[in-house]
Amino acid sequence: MTGMAPAVLLLGALACVLLALALWLFAQARRQQSQRSVESTLQRSLEIRRELQTSAPPSLPGMAAPRLAPTAAAGADRLRWLKEQLRYKAWGIAPRTLGLLALAALLLSLMAALQGGALLGLLLLVVCLLLGSFGIWLRLSRRRAKMLSQLPGFLDNLVRLLSIGNSLHAAFQFASTNVPQPLGGALQQASAALNVSPDLGQAMAQLERTWGLPEFGLLAAVFRMTTRYGGRADMVLERVSSYIRDRQSAERELHAMSAEVRLSAWILALLPIVVGTMIMLLNQGYFMRMWTDVTGQKMIFIAAGLQVGGSLLLYRLARLR
């Protein structure tokens with residue numbers, strides 16, 4: 001009984017951490033809603049200020065923009081840094097959904113702890129965390145791939161707008177209005193950033209930090225160079241679009257040639273997990289007898305470690321980078 005006390009304490013600590021994370025996500029959703037309302041109010045005030053500056057005489061003083069308190073600004077900076085590190089904006093998942101998933105994982109872990117002990121609950125909690133991380137990584141990878149497939153079409157539209165005489169900023173804002181998701185949402189963020197700072201290269205560099213795509217960094221370098229030194233931005237962007245299309249075509253051919261290897265890696269990685277889950281669901285008595293035995297517990301933990309290590313090795317072998 002004394003040997004189970006540290007495991008119970010560890011499971012309780014992890015449960016408290018997950019509960020705090022869920023509450024933080026709910027609070028974050030409320031904070032984002034209030035932040036949107038504040039941003040819309042500021043946007044309306046900026047529009048009113050522009051109208052007054054264009055219609056009123058030059059001696060009329062402008063409207064003063066509201067400033068945040070130092071503590072609120074520091075908290076917003078820390079929250080923004082955490083989001084940039086986790087690339088939360090690129091997930092495309094609402095905070096409420098993440099909170100519900102965290103609560104579901106916590107409830108499953110507590111039920112497993114009541115049935116088979118604290119170690120089983122802790123193991124199930126770790127599995128849920130690994131599955132959640134894998135799901136977020138898979139969703140982010142698919143959104144990035146879809147965004148890259150939409151980027152050449154956006155660049156072609158941008159080149160057409162530049163060729164008929166629009167400025168770079170105007171062409172960018174016009175071209176980003178009818179782009180489908182997820183690229184459209186990212187470009188709308190860059191267009192909103194242009195209302196605060198006219199530096200288009202900085203806005204694209206922010207998108208690179210958010211999404212982790214080097215193509216956005218390439219576009220940021222092109223926009224900075226065009227703004228600073230001038231030149232034909234339409235010709236450079238056309239070549240960038242052709243480069244992205246050629247690379248995507250080569251990647252599709254490579255994926256088609258290596259489809260058998262990647263399918264074998266997926267089957268070898270998921271087969272032990274599926275078989276183990278079926279044994280746990282269909283023959284619970286067999287698994288519980290193995291779990292209550294000391295040697296059986298060691299075998300389960302060794303098998304889990306070997307499964308994780310083998311999955312990582314298969315991922316490295318099947319990764320085409």
Side-chain angles (χ1 to χ4, degrees), residues 14 18 21-22 24-25 28-29 82-109 123-152 179-187 189 207-217 244 247-278 280 303-321:
L14 289 175
L18 281 180
L21 179 62
W24 177 80
L25 289 173
Q28 178 64 19
L82 181 61
K83 287 182 177 180
E84 288 181 357
Q85 294 297 321
L86 296 177
R87 291 172 181 168
Y88 170 72
K89 292 182 180 179
W91 295 359
I93 304 175
R96 185 171 299 177
T97 304
L98 290 176
L100 292 176
L101 292 176
L103 287 177
L106 178 60
L107 290 177
L108 288 176
S109 302
L123 181 62
L124 183 59
L125 183 61
V126 172
V127 170
C128 291
L129 290 176
L130 291 177
L131 290 178
S133 302
F134 176 74
I136 291 174
W137 171 81
L138 187 61
R139 178 179 176 82
L140 183 58
S141 299
R142 289 178 177 177
R143 286 170 64 86
R144 285 174 177 170
K146 188 175 181 180
M147 183 177 292
L148 284 178
S149 64
Q150 295 170 350
L151 190 57
V179 180
Q181 296 293 333
L183 182 60
L187 295 177
Q189 293 176 5
L207 287 185
E208 182 189 9
R209 289 191 295 268
T210 302
W211 288 88
L213 288 177
E215 286 78 8
F216 285 152
I244 294 176
R247 197 184 68 175
Q248 288 179 350
S249 177
E251 287 181 354
R252 284 193 295 267
E253 292 180 1
L254 184 60
H255 280 206
M257 294 172 60
S258 62
E260 183 178 356
V261 177
R262 289 184 287 110
L263 182 60
S264 301
W266 277 102
I267 292 175
L268 291 175
L270 293 179
L271 185 60
I273 299 176
V274 173
V275 172
T277 304
M278 291 181 62
M280 292 174 61
L306 290 176
Q307 175 64 28
V308 172
S311 299
L312 292 176
L313 289 176
L314 288 173
Y315 168 74
R316 293 295 298 176
L317 290 173
R319 185 184 182 188
L320 301 175
R321 292 292 179 185

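Every value quoted in this text rests on a predicted model; they were computed, and no experiment measured them. Position 1 is the first residue of the sequence; numbering continues from there.
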Starting at [atom1] of [X], measure out to [atom2] of [Y] and round the result to the nearest 0.5 Å.
X: R143; Y: Q181; atom1: CZ; atom2: CD; result: 7.5 Å
X: L131; Y: I136; atom1: CG; atom2: CD1; result: 11.5 Å
X: S133; Y: L129; atom1: OG; atom2: CG; result: 6.5 Å
X: L108; Y: L103; atom1: CG; atom2: CG; result: 11.0 Å
X: L268; Y: L314; atom1: CG; atom2: CG; result: 6.0 Å

Next on the checklist: Test of understanding: with side-chain contact (heavy atoms from CB on, under 4.5 Å), list the residues that count as partners of V275, not counting sequence neighbours.
Outcome noted: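 Counting only residues at least two positions away or on another chain, V275 forms a side-chain contact (heavy atoms from CB on, under 4.5 Å) with L271, I279.
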
Checklist entry - Does R142 have any side-chain contact (heavy atoms from CB on, under 4.5 Å) partners at least two apart in sequence or in another chain, and if so, which? => result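 For R142 the side-chain contact (heavy atoms from CB on, under 4.5 Å) partners, ignoring immediate neighbours, are L138.
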
Taking all atoms of both residues into account, what is the closest heavy-atom pair of [X] and [Y], and its distance?
X: Q248; Y: P152; answer: OE1-CG, 4.4 Å
X: M147; Y: P182; answer: CE-O, 3.7 Å
X: G212; Y: R144; answer: CA-NH2, 4.2 Å
X: Q150; Y: L183; answer: OE1-CB, 3.0 Å

Next on the checklist: Please check this pair: side chain of Q189 against backbone of L207, looking for a donor-acceptor N/O pair closer than 3.5 Å.
Outcome noted: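 Judged by distance alone, no pair lies under 3.5 Å.
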
Next on the checklist: Checking side-chain polar atoms at under 3.5 Å, does S311 have a donor or acceptor matched by the opposite partner on Q307?
Outcome noted: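 Present: a donor and an acceptor within the cut-off.
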
